[in-house]
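Taking it in order: structure first as structure tokens, then the write-up.
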Amino acid sequence: MSEEKSLNFIEDIIEADLAAGKYNSIVTRFPPEPNGYLHMGHATAICLNFGLTKKYPGYTNLRFDDTNPVTEDTEYVDSIKEDIKWLGFEWKNELYASDYFGDLYQYAVKLIDKNLAYVDDLSSEEIATGKGTPTEPGTNSPFRERSVAENLDLFARMKAGEFPDGSRTLRAKIDMAHTNMLMRDPLLYRIKHAHHHRTGDEWCIYPMYDFAHGQSDSIENITHSICTLEFIPHRELYDWLIEKLGIYPSHQYEFARRNLSYTVMSKRKLLQLVNDKHVNGWDDPRMPTISGMRRRGFTAQSIRKFCDTIGIAKRENVTDFSLLEFCLREDLNQSALRVMAVLDPVKLIISNYEDGRTEELSSDNGPDETTGTRMIPFSKELWIEREDFMEEAAKKWFRLAPGAMVRLKSAYIVRCDSFEKDAEGNVTEIHATYFPESRSGADTSGLHVKGTIHWVSAKEAVSAEVRLYDRLFKVENPSSEEGDFKDYINPDSLSVVKAFVEPSLKGARLDQRFQFLRKGYFCLDKEATPGHLIFNRTVTLKDAWAKEAKKN
RNA sequence: UGGGUUAUGGUGUAAAGGUAGCACAACAGAUUUUGAUUCUGUUUGUCUAGGUUCGAAUCCUAGUAACCCAACCA
């Protein structure tokens with residue numbers, strides 16, 4: 001029973017902290033900014049933070065980092081909560097950095113009192129110039145030595161709304177020559193006369209990330225504050241502020257963000273794809289957003305498994321999309337109902353089958369006996385997949401060709417006798433004879449065939465729109481290519497076909513997952529209506545024949 | 001060219017001085033009424049150069065490469 005899995009470096013730290021008695025239980029948080037939809041990158045952070053407190057005593061908060069009123073909205077708050085729940089996690093407290101605006105203001109006053117912060121009248125450009133460069137020290141602002149009293153007065157008036165946007169800021173007084181650019185008197189507060197999605201017009205000064213995140217962690221007694229690598233330089237400031245403020249010492253730890261091949265994973269880029277209409281919204285099934293993947297048919301289980309499998313570390317990485325697909329197929333293989341659907345239909349006519357006769361045949365719903373069986377109609381005229389027929393059989397071809405025999409899944413063995421073509425050379429119909437004594441489950445024919453193909457009875461077939469998705473980008477890492485990442489969009493990432501599906505699919509529900517036999521895993525799309533079935537292809541099946549065919 | 005972070009098969013991740021392991025991918029075979037699943041096997045790796053040690057992915061020295069930092073974004 002003891003599944004031995006080695007610990008990641010954060011678990012190492014936590015176990016050491018727990019063993020040393022530093023904490024009896026831990027508190028983590030997932031801190032999204034509500035300015036966009038969650039994507040696979042967030043899924044890693046969610047699985048990590050919530051997973052840690054499933055494994056160790058403690059809990060995880062959901063905290064919205066809503067300190068920038070101009071980009072944030074409650075629409076995003078709602079979608080984020082929905083996505084986390086769907087992934088299967090529960091937060092202890094739903095909190096907002098904006099809940100702490102009052103505390104944060106008092107912290108700022110405290111810093112001013114200790115002569116560790118000052119009001120600066122410099123413009124944005126002047127401050128940037130004064131910062132220096134990574135190789136040259138910055139210069140002190142002429143306002144750096146204002147008296148505590150003056151700073152207190154000015155900061156109060158900033159809060160009172162006496163000054164326009166951008167006219168003044170509050171800065172920490174640290175060291176303009178520090179080798180860490182972030183320690184060169186970082187901005188703590190800026191003036192923004194903007195409406196906030198929760199505090200409305202109560203505030204016109206808003207704290208910067210660095211004066212909100214660590215303080216919020218501290219207020220919530222977060223023990224392990226986990227973020228991505230690019231925040232490493234912030235840690236020094238994070239610690240400095242906590243120390244000077246004398247508040248609860250949360251600690252920041254950083255891991256490498258996860259990248260996935262053939263897609264992009266930044267809110268900025270995803271927003272561009274949406275705005276430029278390369279996709280149809282944030283939940284387009286081609287998007288690496290949680291909502292897009294959910295609509296595509298991914299299961300929460302498969303995403304959790306994937307995050308668990310790739311683990312966490314501190315090095316640059318691009319994980320193969322095929323690993324995600326593996327986790328997906330592994331889950332779907334167990335849960336998906338087997339059904340038959342023909343995506344590129346061509347007619348198969350069984351010459352020796354009685355006109356007008358319909359037979360109900362039993363077919364398995366799943367990979368084992370537990371999922372039961374259902375009845376499907378069989379008749380003289382069937383739809384079969386165009387690619388299952390070749391005018392001249394290739395090497396190792398197990399499917400239909402003149403003179404060749406195949407089994408029709410759950411039905412009879414047939415032999416192809418002839419076929420017809422139209423003026424353009426397209427095969428229009430295929431004629432075959434069937435062997436009555438070869439019926440599935442009661443086969444006394446003694447015949448053996450290597451191929452089994454799927455089919456749908458033409459008379460009972462239901463037509464459906466099927467959306468076939470492929471990878472969104474043509475290259476593994478669009479962000480690291482020359483030029484604009486959008487130049488590498490795969491123009492064939494979506495193709496829509498008109499298919500014939502077996503009648504049982506008329507009752508398909510949104511929460512069901514199907515395996516269209518030999519074609520892949522599919523799910524009903526939310527745009528489907530009772531009269532118009534729409535299916536999304538979640539992922540194809542592995543296809544050994546496609547590889548074989550490529551070789552020849 | 002200042003500071004910081006990271007280097008293990010094609011990819012992701014283990015090995016806390018003691019047999020370089022696991023998964024994906026790839027390849028080969030067996031089973032199969034899904035060319036799926038399942039099962040078996042194979043190929044491929046410690047950034048480089050020195051050093052310490054009986055023994056180094058791990059410790060030391062010197063290099064090299066990649067990424068991050070100069071937003072009133074987070």
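Order of the sequence lines sets the chain letters (A, B, ...), proteins ahead of strands, with each chain counted from 1. None of the values given here were measured: they were computed from a predicted structure.
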[X] side-chain N/O to [N] phosphate OP1/OP2 under 4.0 Å:
| X | N | result |
| --- | --- | --- |
| A:K542 | B:A25 | yes |
| A:K192 | B:C73 | yes |
| A:K131 | B:A71 | no |
| A:T319 | B:C24 | no |
| A:R171 | B:C72 | no |
| A:K519 | B:A36 | no |
| A:R315 | B:C68 | no |
| A:R518 | B:U32 | no |

Just to be sure I understand the rule, does [X] reach a base, reach only the sugar-phosphate, or reach nothing, if contact means heavy atoms closer than 4.0 Å?
| X | value |
| --- | --- |
| A:L182 | nothing |
| A:G166 | base |
| A:F326 | sugar-phosphate |
| A:P134 | base |
| A:S124 | base |

Candidates [options] - which lies nearest the side chain of [X]:
| X | options | value |
| --- | --- | --- |
| A:R338 | B:C67, B:G35, B:U34 | B:U34 |
| A:F231 | B:C24, B:A74, B:A70 | B:A74 |
| A:I232 | B:C69, B:G12, B:U5 | B:U5 |

Polar side-chain atom of A:E126 near backbone of A:S123 as donor-acceptor pair, under 3.5 Å
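Yes; at least one donor-acceptor contact below 3.5 Å.
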Under 3.5 Å on both distances, the Watson-Crick or G-U partner of B:U32
none
Pick the P atom in B:A23 and in B:G51, then give their distance to the nearest Å.
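Those two atoms are separated by 37 Å.
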Suppose you measure atom C1' in B:G9 against the same atom in B:U44; what distance do you get, rounded to whole Å?
5 Å
So does A:R257 have more than 12 non-hydrogen atoms from other groups sitting under 6.0 Å from CZ?
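No, not enclosed.
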For residues A:Y262 and A:F321, establish whether the separation of their ring centroids is below 6.0 Å.
no
A:Y96-A:F64 aromatic ring centre distance below 6.0 Å:
yes
